[in-house]
Amino acid sequence: STQFGVLSGSAVTIKQNLSPIETARVKAVFVKIGDCITNGQMLAQMDSTLVDSQLAEAQAALAAAEGSWAGYEEQMLSLLRSYDDGIAGAEAALGQQNGQLDSDSAKLAELKNMQTKRDALFASKLISEVEDDALRPEIAGLEKDVASCRQLIQMDETIVASRKKERQDLQQSLKLGPGGEVKEAIAQKTTAQTEILKIAVEMKKLQKESYTLRSQADGVVSDIGIYP
């Protein structure tokens with residue numbers, strides 16, 4: 001024979017109120033009262049027009065940046081080359097002027113020494129005044145050349161210092177140490193900037209998700225409240 005038993009017990013109903021993280025106009029409701037729902041199921045969608053636009057802008061900025069890094073690298077390398085060429089040219093000009101100054105200064109010293117001897121001979125009336133004065137125009141010309149050379153040297157030194165400062169500033173902007181690899185420094189900088197933009201995109205995606213209302217457990221829809 002078949003025997004039947006009776007089990008007694010009680011059921012507990014847990015009501016959970018859900019609301020979207022972001023407050024916005026309701027765009028769509030995907031369930032109705034009495035529907036069975038599962039954990040994670042999409043229940044409603046808020047209007048995310050604004051955050052959609054912001055997400056699109058962030059994605060566009062990332063795409064544009066990633067597409068421009070190659071051009072940025074070439075631009076930085078070209079700039080460094082121009083600084084190096086400028087430094088080399090200014091240093092070559094400086095070296096030439098220093099060499100000219102040494103040569104003119106040595107010749108000027110020799111002529112002045114000769115002039116001193118001629119002055120002594122003229123004082124002793126051993127040579128004429130014309131002979132005594134013969135070297136003076138050349139000495140005066142060399143003195144002007146030496147003064148001009150010194151001015152040009154100061155200008156070249158200023159140019160060299162300026163070019164080196166510009167290159168140093170660029171190195172610092174790239175966080176490039178002495179003897180560091182330029183391409184590696186540029187790659188590190190562009191990678192860091194790309195990561196910042198990627199994070200911005202991911203944050204906008206998370207914000208967009210907050211406009212979606214999802215179930216946090218299995219259950220049954222008991223009420224739907226939409227407030228203006």
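- Classification of Arg118 and Glu129 as a salt-bridged pair fails, no side-chain N sitting under 4.0 Å from a carboxylate O.
- To the nearest 0.5 angstrom, Asp52 atom CG is 11.5 Å from Glu57 atom CD.
- Leu80 and Ile87 fall into different hydrophobic clusters, defined by Ile, Leu, Val, Met, Phe, Trp and Tyr side-chain heavy atoms under 4.5 Å apart, directly or through other members.
- In the model, Gln168 has no side-chain atom that pairs as donor or acceptor with a side-chain atom of Lys165 under 3.5 Å.
- Proximity of a side-chain donor or acceptor of Arg167 to a complementary backbone N or O of Tyr83 within less than 3.5 Å is not detected.
- The shortest distance between side-chain heavy atoms of Val220 and Asp35 does not fall below 4.5 Å.
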Where do Glu166 and Asp169 land on the side chain to side chain contact (heavy atoms under 4.5 Å, CB included) test, with the steps shown first?
CA-CA 5 Å; Glu166 289 171 345; Asp169 289 345; 5.6 Å; no
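- No side-chain heavy atom of Lys208 sits under 4.5 Å from any side-chain heavy atom of Met46.
- Separation of atoms CG (Leu43) and CD1 (Ile37) is listed at 5.0 Å; rounding is to 0.5 Å.
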Walk me through it: do Asp84 and Arg81 pass the test salt bridge (Lys or Arg N to Asp or Glu O under 4.0 Å)?
CA-CA 5 Å; Asp84 289 340; Arg81 283 194 295 268; over 6 Å; no
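- Summarising the geometry of Val221 relative to Lys32, their closest heavy-atom pair is CB-O, 3.5 Å, with the distance given to 0.1 Å.
- Under a 3.5 Å cut-off, the side chain of Asn98 and the backbone N or O of Leu94 do form a donor-acceptor pair.
- Note on Leu213: it clusters hydrophobically with Ile224, by side-chain heavy-atom contacts below 4.5 Å among ILVMFWY residues.
- Between the side chain of Gln41 and the main chain of Thr38, a donor-acceptor pair closer than 3.5 Å is present.
- For Glu209, the CD atom is densely surrounded, since the number of other residues' heavy atoms within 6.0 Å is greater than 12.
- Without hydrogens or angle criteria, Ser124 side chain to Leu126 main chain gives no donor-acceptor distance under 3.5 Å.
- No side-chain donor-acceptor contact under 3.5 Å links Asp102 to the backbone of Gly99.
- Proximity of Leu108 to Val146: side-chain heavy atoms (C-beta onward) are separated by under 4.5 Å at one or more points.
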Determine whether Arg136 and Asp119 satisfy the following criterion, salt bridge (Lys or Arg N to Asp or Glu O under 4.0 Å), listing intermediate values before the conclusion.
CA-CA 11 Å; Arg136 296 191 193 280; Asp119 288 343; 2.9 Å; yes
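- A 4.5 Å side-chain heavy-atom check between Ile139 and Gln115 finds at least one atom pair inside the cut-off.
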Test log, rule salt bridge (Lys or Arg N to Asp or Glu O under 4.0 Å), inputs Lys164 and Glu91:
CA-CA 11 Å; Lys164 287 183 176 180; Glu91 286 181 336; 3.3 Å; yes
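- Between the side chain of Glu131 and the backbone N or O of Ser128, at least one donor-acceptor pair lies under 3.5 Å.
- Atoms CG and CD, from Leu197 and Gln59 in turn, are 12.0 Å apart once rounded to the nearest 0.5 Å.
- For the atom pair CD1 of Ile127 and NZ of Lys117, the computed distance is 12.5 Å after rounding to the nearest 0.5 Å.
- Of the possible donor and acceptor atoms, one in the side chain of Asp218 sits under 3.5 Å from a partner among the backbone N and O of Asn39.
- Salt bridge Lys107/Glu138: present, at least one basic N to carboxylate O contact under 4.0 Å.
- Checking side-chain atoms of Ser162 against main-chain N and O of Ile159 turns up no donor-acceptor pair under 3.5 Å.
- Two different hydrophobic clusters hold Leu142 and Leu152 under the rule that ILVMFWY side chains link at heavy-atom gaps under 4.5 Å.
- In this structure, the side chains of Met114 and Leu135 come closer than 4.5 Å at one or more pairs of heavy atoms.
- Within the 4.5 Å cutoff, side-chain heavy atoms of Val29 are placed close to those of Val26.
- Closest heavy-atom contact between Val51 and Lys204: CG2-O, 3.9 Å.
- Using modelled atom types, one side-chain atom of Ser82 and one backbone atom of Leu79 make a donor-acceptor pair closer than 3.5 Å.
- Summarising the geometry, atom CG belonging to Asp145 is positioned 7.5 Å from atom SG belonging to Cys149; distances are rounded to the nearest 0.5 Å.
- Atom OG1 of Thr49 sits about 3.5 Å away from atom CG of Asp47, to the nearest 0.5 Å.
- With hydrogens and angles ignored, the 3.5 Å screen pairs a side-chain donor or acceptor of Gln45 with a backbone N or O of Tyr211.
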